[in-house]
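First up is the structure itself, then whatever we jot down about it.
Reckoned from all heavy atoms, side chains included, excluding hydrogens, waters and symmetry mates.
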Amino acid sequence: MDQKTDAVIIGSGLNSLACAMVLQSRGWRVLICEQAAEIGGAVKTGAYTAEGFRHDWAAMNLSLFAGSPFFQRFQTELTAAGLSFVPAERCFATAFGDDTWLGITNDRSRNAKNISAFANNDGEAWGALGEQFPARAEHIFALLGTPFKFRPLAKILWRLWRKEGTRGALELLRFLLSSPRSWLDDTFESAQVKSTLAAWGMHLDFAPDIAGGAVFPYLEAMANQSFGMVIGEGGADTIIKAMVACIEGAGGRIWTNAPVTDVLIEGGKATGVGLADGRICQAQRAVIANVAPKHLAKLMGEETPDYQQKLKRFRHAPGTMMIHLAMEDLPDWRADPELRQFAYVHLAPDMDQMARTYQQAQAGLLPDAPVVVVGQPTAIDPSRAPEGKHVLWMQVRMVPGDIKGDAAGQISARDWQAAAEPMANRALDILERYAPGTRAKIIAQKVVTPDMLEADNPNLVGGDQICGSHHLSQHFLYRPMFGRSDGSTPIEGLFHTGAAVWPGAGTGAGAGFLLGQKLAS
């Protein structure tokens, strides 16, 4: 039986749900078709190790969502639907091999004091960054929240020029084009301070020497200091549950186990979608695809070969391996017990290691000393585990989607099924060096390899959790390609959203929010 609605949305990720809420607020009837059995894409939470232990599948930090224009617009509805955050005053830290460490909290004076312990001039530089942050953030956040079209972009650039002058505008442009290393070398003296901030670039695909990567470590550090960090109470899926409740409460429909096989196109216009079970869903106003570019190309038949070829050439970032641990207790960090209170602890002691790790993963090699991100959500939100117990959320960044070799010459496996255990042990060995005795505290564990991430969510191609490289040739007005950063396609009524579309990855729901506003205007 045919189904009719105003908009059919393919995929149920964060951007899909945000777009649906915007459209429904303007009176649209919306149907979301999700291929998996569970809503939320990479933002979900489950008992992946043992009963009573709740682990965030991929996304843990919800600060981008809490500060997003989307949340500001729908905060009342989402809070009423049960959305709840837990603030983290101690946001992130890096532990170093010499038993020193540096943590960033929401206390500016404390941060400056701790940074001054590594280099007195760096404490002064940090203080200056904090003073400048409100003015600079105004321009950066305006840019990140704007469709890359001439008129809105010109408006922002005009305001920037009026406030900062030609020199100030050019300085901001230089910063946006800078690599993490170049900006950090210009700003700080201490290698430890530089590494602590540079580690955030590895959460995207900005190794220290990649142009355009300075802005993310800067924003993460300054925003954490200014506003703190938040995680979801009970799990990151608190935002998904609330959004689903709002959508269904307003009459929207969400189908799970409903893979879309093709977009129906008649006379150059998208008219609906076909499902694997034979159902046809007609869309009277829009078909919205929250899918990786190469999958969108497959859904379109042979309608626009040049556009589809460009979609297929979209580049993905290296993969990630997740390790979920149910724990008797948090790690006993060798450097300082206070590290147990931080939301994140990065084990990425120097920028050269980060650069080497990235290049090894890009070359298809299992890194010999991968960057290990240790999330300690139960230090902030004890509700995620039985009383007195804990969970650890570990990301191993970066790893190759397809294994061509091992940089350490120790792992012979060339498929992830066989490489999972030894690579996980390599990451756990690193953790054990910084927190001896951690292995003995493990109750249960689940290793999630890049191919498992992609099998669960096809948008995570090769385990790429950010759905596409954010390097300058594929960012800003080039995301996912020139002329299509607003989610438009050559097919009338067919639109593209998700992390592959400007403004890109993260939990800010930017692409879905911008597209929803565009369609509903």
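- Looking at Met322 and Gln395, their side chains come closer than 4.5 Å, going by heavy atoms from C-beta outward.
- In this structure, Asp402 places its CG atom where only 12 or fewer heavy-atom neighbours from other residues, nucleotides or ligands lie under 6.0 Å away.
- The two residues Met229 and Asn61 have their closest heavy-atom pair at CG-OD1, 3.5 Å.
- For Pro367 against Met398, the heavy-atom pair with the smallest separation is CG-O, 3.0 Å.
- Checking side-chain atoms of His475 against main-chain N and O of Ser473 turns up no donor-acceptor pair under 3.5 Å.
- How far CD1 of Ile466 is from CG of Asn459: 13.0 Å, rounded to the nearest 0.5 Å.
- In this structure, the side chain of His295 engages the main chain of Pro458 through a donor-acceptor pair within 3.5 Å.
- Ring-plane geometry between His203 and His346 is classed as perpendicular, the angle between the planes exceeding 60 degrees on a 0 to 90 degree scale with a lower cut at 30.
- Using modelled atom types, one side-chain atom of Gln24 and one backbone atom of Ile247 make a donor-acceptor pair closer than 3.5 Å.
- In this structure, Arg479 and Pro503 have side chains that are not in contact, with every pair of non-hydrogen atoms separated by 4.5 Å or more.
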Could you walk me through whether Arg181 and Asp352 pass the salt bridge (charged side-chain N to carboxylate O under 4.0 Å, His left out) check? CA-CA 10 Å; Arg181 192 193 297 267; Asp352 290 340; 3.2 Å; yes

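- For Ser195 (side chain) and Gln192 (main-chain N/O), no donor-acceptor pair under 3.5 Å exists by modelled atom type.
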Worked check of side-chain contact (heavy atoms from CB on, under 4.5 Å) between Leu197 and Tyr218: CA-CA 7 Å; Leu197 301 186; Tyr218 166 79; over 6 Å; no

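- Ring pair Phe342/Trp101: centre-to-centre distance below 6.0 Å.
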Are Asp107 and Thr105 close enough, and set up right, to give a side-chain hydrogen bond (donor to acceptor under 3.5 Å, both in side chains), and what steps lead you there? CA-CA 5 Å; Asp107 184 329; Thr105 72; 5.4 Å; no

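- Taking the ring centroids of Trp200 and Tyr344, they lie under the 6.0 Å cut-off.
- Summarising the geometry of Gly232 relative to Asp381, their closest heavy-atom pair is O-OD2, 3.5 Å, with the distance given to 0.1 Å.
- When all heavy atoms are compared, the tightest approach of Met202 to Arg397 is O-CD, 3.1 Å.
- In this structure, the side chains of Glu303 and Ile265 come closer than 4.5 Å at one or more pairs of heavy atoms.
- By the neighbour-count criterion of 12 heavy atoms within 6.0 Å, atom OH of Tyr307 is densely surrounded, having more than that number from other residues, nucleotides or ligands.
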Determine, stepwise, if the pair Thr196 / Phe92 fulfils side-chain contact (heavy atoms from CB on, under 4.5 Å). CA-CA 9 Å; Thr196 298; Phe92 66 92; 3.8 Å; yes

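- In this structure the side chain of Pro318 never reaches within 4.5 angstrom of the side chain of Val399, judged on heavy atoms.
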All N/O donor-acceptor pairs, side-chain side in residues 69-76, below 3.5 Å, sequence neighbours left out:
residue	atom	partner	partner atom	Å
Gln72	NE2	Ala66	O	3.0

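- No donor-acceptor pair under 3.5 Å is formed between the side chain of Ser16 and the backbone N or O of Ile9.
- Looking at heavy atoms from C-beta onward, Arg285 lies in side-chain contact with Asp6 at the 4.5 angstrom threshold.
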Donor-acceptor list for residues 510-521 side chains, cut-off 3.5 Å, not counting sequence neighbours:
residue	atom	partner	partner atom	Å
Lys518	NZ	Asp486	OD2	2.9
Ser521	OG	Lys518	O	2.8

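- No donor-acceptor pair closer than 3.5 Å links the side chain of Glu89 to the backbone N or O of Asn106.
- Looking at every heavy atom in both residues, Gln341 comes nearest to Gln376 through N-NE2, 4.4 Å.
- The heavy-atom pair separating Leu129 from Trp183 by the smallest distance is CD1-CZ2, 4.0 Å.
- A donor-acceptor contact shorter than 3.5 Å is absent between the side chain of His496 and the backbone of Val501.
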Would Lys155 and Thr146 satisfy side-chain contact (heavy atoms from CB on, under 4.5 Å), going step by step from the backbone distance to the final call? CA-CA 10 Å; Lys155 206 171 173 182; Thr146 298; over 6 Å; no

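- Within the 3.5 Å criterion, the main-chain N or O of Ile104 finds no donor-acceptor partner in the side chain of Asn111.
- The cationic group of Arg108 does not satisfy the cation-pi geometry with Phe133, failing either the under 6.0 Å distance to the six-membered ring centre or the 45° limit from the ring axis.
- Side chain of Glu164 to main chain of Ala169: no donor-acceptor pair is present (N/O by atom type, distance under 3.5 Å, no hydrogens or angles).
- Put simply, CG on Leu176 and CG on Leu143 are 6.5 Å apart, with the number rounded to the nearest 0.5 Å.
- Ring centers of Phe188 and Phe118: at least 6.0 Å apart, outside the cut-off.
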Go through the steps to decide whether Trp502 and Phe476 satisfy the test ring pair (Phe, Tyr, Trp, His ring centres under 6.0 Å), and finish with yes or no. CA-CA 6 Å; Trp502 170 259; Phe476 297 106; 5.4 Å; yes

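- Using a 30° and 60° split on the angle between ring planes, His471 and Tyr358 fall in the tilted class, from 30° to 60°.
- Taking 4.5 Å as the limit, every side-chain heavy atom of Asp56 sits out of range of all side-chain heavy atoms of Ile231.
- With contacts defined as side-chain heavy-atom distances shorter than 4.5 Å, the pair Ser63/Val230 qualifies.
- A distance of 4.0 Å separates CZ of Phe314 from CD of Gln474, quoted to the nearest 0.5 Å.
- Using a distance-only test at 3.5 Å, with no hydrogens or angles considered, no donor-acceptor pair links the side chain of Glu189 to the main chain of Ala119.
- You'll find the side chain of Ile491 stays beyond 4.5 Å of the side chain of Val287, heavy atoms only.
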May I have the step-by-step check of salt bridge (charged side-chain N to carboxylate O under 4.0 Å, His left out) for Asp205 and Arg315, ending in yes or no? CA-CA 11 Å; Asp205 61 320; Arg315 291 177 297 103; 5.8 Å; no

Given side-chain contact (heavy atoms from CB on, under 4.5 Å), test Val373 with Trp393 step by step and report yes or no. CA-CA 8 Å; Val373 184; Trp393 175 99; 4.1 Å; yes

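- Here Glu124 pairs with Asn120, Asn121 under the side-chain contact (heavy atoms from CB on, under 4.5 Å) rule; sequence neighbours left out.
- More than 12 heavy atoms of other residues, nucleotides or ligands lie within 6.0 Å of CZ in Arg159, so this atom counts as buried by the packing criterion.
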